[in-house]
Peer 1: 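One structure is given below, represented as structure tokens, and several questions about it will come after.
Note: hydrogens, waters and symmetry copies are ignored here, and every other heavy atom, side chains too, is used. The model shown is predicted, which means the values in this text are computed figures rather than measured ones.
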Amino acid sequence: MATTPITADLLRGALDLERTEHGLLPHRLPAWARAQYTDGQLAMAESQPSGVRLVVSTRATVVELDVLPTKTVYQGLPPRPGSVYDLLVDGRLTDQASAPGGNVVTVDIATGSTETRPGPVGTVRFAGLPDRVKEVEIWLPHNELTQLVALRTDAPVEPVQTGRRRVWLHHGSSISHGSNAAGPSTIWPALAAALGDVELINLGFSGSALLDPFTARTLRDTPADLISVKIGINVVNADLMRLRAFTPAVHGFLDTIREGHPTTPLLVVSPILCPIHEDTPGPGAFDVDALRAGKVQFRATGDPAERAAGKLTLGVIREELARLVKQRAADDPNLHHLDGLELYGEADFAELPLPDRLHPDAATHRRIGERFAERAFGSDGPFTAERAR
């Protein structure tokens, strides 16, 4: 087994690599952006490598990756499913594995305080790979901070040339981040990217799709052929702003993106169906009665009557985004809108309800990914290769 240094040219989907005492920590926001907030939720979300993967060309039949994961445990909540690493060979999901050891962060949801218990480096091992030159991808866990320590193989590895496929830059909430997906390569943006034959950069930040200016500037400064922004659910369940602030904030967000990508196809996606927030404002909260019964579920705590005072619901946001994009598209023919109810609506909810009332399950991630690919990358979609040319 030979050891290969893990360098930026072997990684896709990360915007920054932080050197730690153990190895490399991928980030999905650059260092300058991380210096502009103090929110622990976003700090955790952007450092969880959703969409980040190690990509090499090799004849190796055995691949070992030493990692130091940081697992998060929420005090008083049922244990979360273990995180997995997905192995893709020539684009096909071939195997999954988990990493032993690692640090454990315990979060007290009542106070927000955290306690960290250090743990050892673990090894993720994949064996029995075909003995031929092939493209090997290891998708890192979408919901677990991962420090990369060492890469070992039984044959040399080489970087895979970039530029063969278009780059799709996507921003969204925990649904785009991958909450409740079966694995990192089966979050809905990853599934859509595979169907659209594009390279994914996923800036889906759990709880943190909040129209932050530094996120807009990151999107502006990141090279991309296609861009999408999924806006709404976090603004509602954080009860962050009223309609008066929301509309100019969206305009400003899109204006900033257009500073760096004046003609790039840009798709604004409104929220998928979420019954608790369709007509009821936030903030969102854990359902205490469900927690007592050992289940994680969410509820909306606002008053529907407060919509008259400008409080936001998903219905209000969908209507405003459709109006706003139509207005801007008169002068921006490469700006497009997609109603989130086309990805997951009432009929889908009847068949595949949201298990915790907020996030889709694995089957629903697949459905959303397939529908997005059809509507965005299909023959009439804004991301079709023919339209881009």
Peer 1: Please find the pair of heavy atoms, one from Glu158 and one from Leu10, that lie closest to each other, and give the distance.
Peer 2: C-CD2, 4.5 Å
Peer 1: So for atom CZ, which belongs to Arg328, do other residues, nucleotides or ligands contribute more than 12 heavy atoms lying within a distance under 6.0 Å?
Peer 2: yes
Peer 1: Within the side chain of Asp356, is there an N or O that forms a donor-acceptor pair under 3.5 Å with the backbone of Leu358?
Peer 2: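 Answer holds: yes.
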Peer 1: State plainly whether one hydrophobic cluster holds both Val121 and Val105, where clusters connect Ile, Leu, Val, Met, Phe, Trp and Tyr through side-chain heavy atoms under 4.5 angstrom apart.
Peer 2: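 In one cluster with Val121: Val105, no.
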Peer 1: Determine whether Phe298 and His359 satisfy the following criterion, ring-ring contact (aromatic ring centres under 6.0 Å, His included), listing intermediate values before the conclusion.
Peer 2: CA-CA 10 Å; Phe298 295 89; His359 303 104; 5.7 Å; yes
Peer 1: Is a donor from one side chain sitting under 3.5 angstrom from an acceptor on the other, for Asn143 and Ser83?
Peer 2: yes
Peer 1: Enter the distance from Arg217:CZ to Thr222:OG1 here, rounded to the nearest 0.5 Å.
Peer 2: 12.5 Å
Peer 1: Can you tell me how the ring of Trp188 sits relative to the ring of Phe372, calling it parallel under 30°, perpendicular over 60° and tilted otherwise?
Peer 2: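 The rings of Trp188 and Phe372 sit tilted, inter-plane angle from 30° to 60°.
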Peer 1: Is the closest side-chain heavy-atom distance between Val229 and Leu254 below 4.5 Å?
Peer 2: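 Answer yes - side chains close enough.
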Peer 1: Should we say atom CZ of Arg132 is surrounded by more than 12 heavy atoms from elsewhere, each under 6.0 Å from it?
Peer 2: yes
Peer 1: Answer yes or no: are there more than 12 heavy-atom neighbours, outside Glu319 itself, under 6.0 Å from its atom CD?
Peer 2: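 No - once you tally the heavy atoms of other residues, nucleotides and ligands closer than 6.0 Å, there are 12 at most.
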Peer 1: Between Asp287 (side chain) and Arg299 (backbone), is there a donor-acceptor pair under 3.5 Å?
Peer 2: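 No: the side chain of Asp287 does not pair with the backbone of Arg299.
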Peer 1: Parallel under 30°, tilted from 30 to 60°, perpendicular over 60°: which one fits the rings of Tyr344 and Phe349?
Peer 2: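 Answer is perpendicular, since the angle exceeds 60°.
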Peer 1: Taking Lys311 first and then Asp303, would you say they form a salt bridge - that is, a charged N and a carboxylate O separated by under 4.0 Å?
Peer 2: no
Peer 1: With side-chain contact (heavy atoms from CB on, under 4.5 Å) as the criterion, how do His142 and Gln48 come out once you've worked through the C-alpha distance, each side chain's angles and the decisive distance to 0.1 Å?
Peer 2: CA-CA 6 Å; His142 58 285; Gln48 293 175 342; over 6 Å; no
Peer 1: Within the side chain of Thr106, is there an N or O that forms a donor-acceptor pair under 3.5 Å with the backbone of Val104?
Peer 2: no
Peer 1: Main chain of Ile187, side chain of His365: is a donor-acceptor contact present, judged purely on distance under 3.5 Å?
Peer 2: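 Side chain of His365 to backbone of Ile187, a donor-acceptor pair under 3.5 Å: no, none is there.
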Peer 1: More than 12 heavy atoms of other residues, nucleotides or ligands under 6.0 Å from CD of Glu346: yes or no?
Peer 2: no
Peer 1: Among Leu29, Leu25, Leu24, find the one that has a side-chain contact (heavy atoms from CB on, under 4.5 Å) with His27.
Peer 2: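 It is Leu25; the other options fail the test.
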Peer 1: Look at atom CZ of Arg165 and say whether more than 12 heavy atoms of other residues, nucleotides or ligands are closer to it than 6.0 Å.
Peer 2: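 Enclosed.
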Peer 1: Run Leu203 and Leu15 through side-chain contact (heavy atoms from CB on, under 4.5 Å) and show every step you take.
Peer 2: CA-CA 10 Å; Leu203 303 187; Leu15 297 188; 4.0 Å; yes
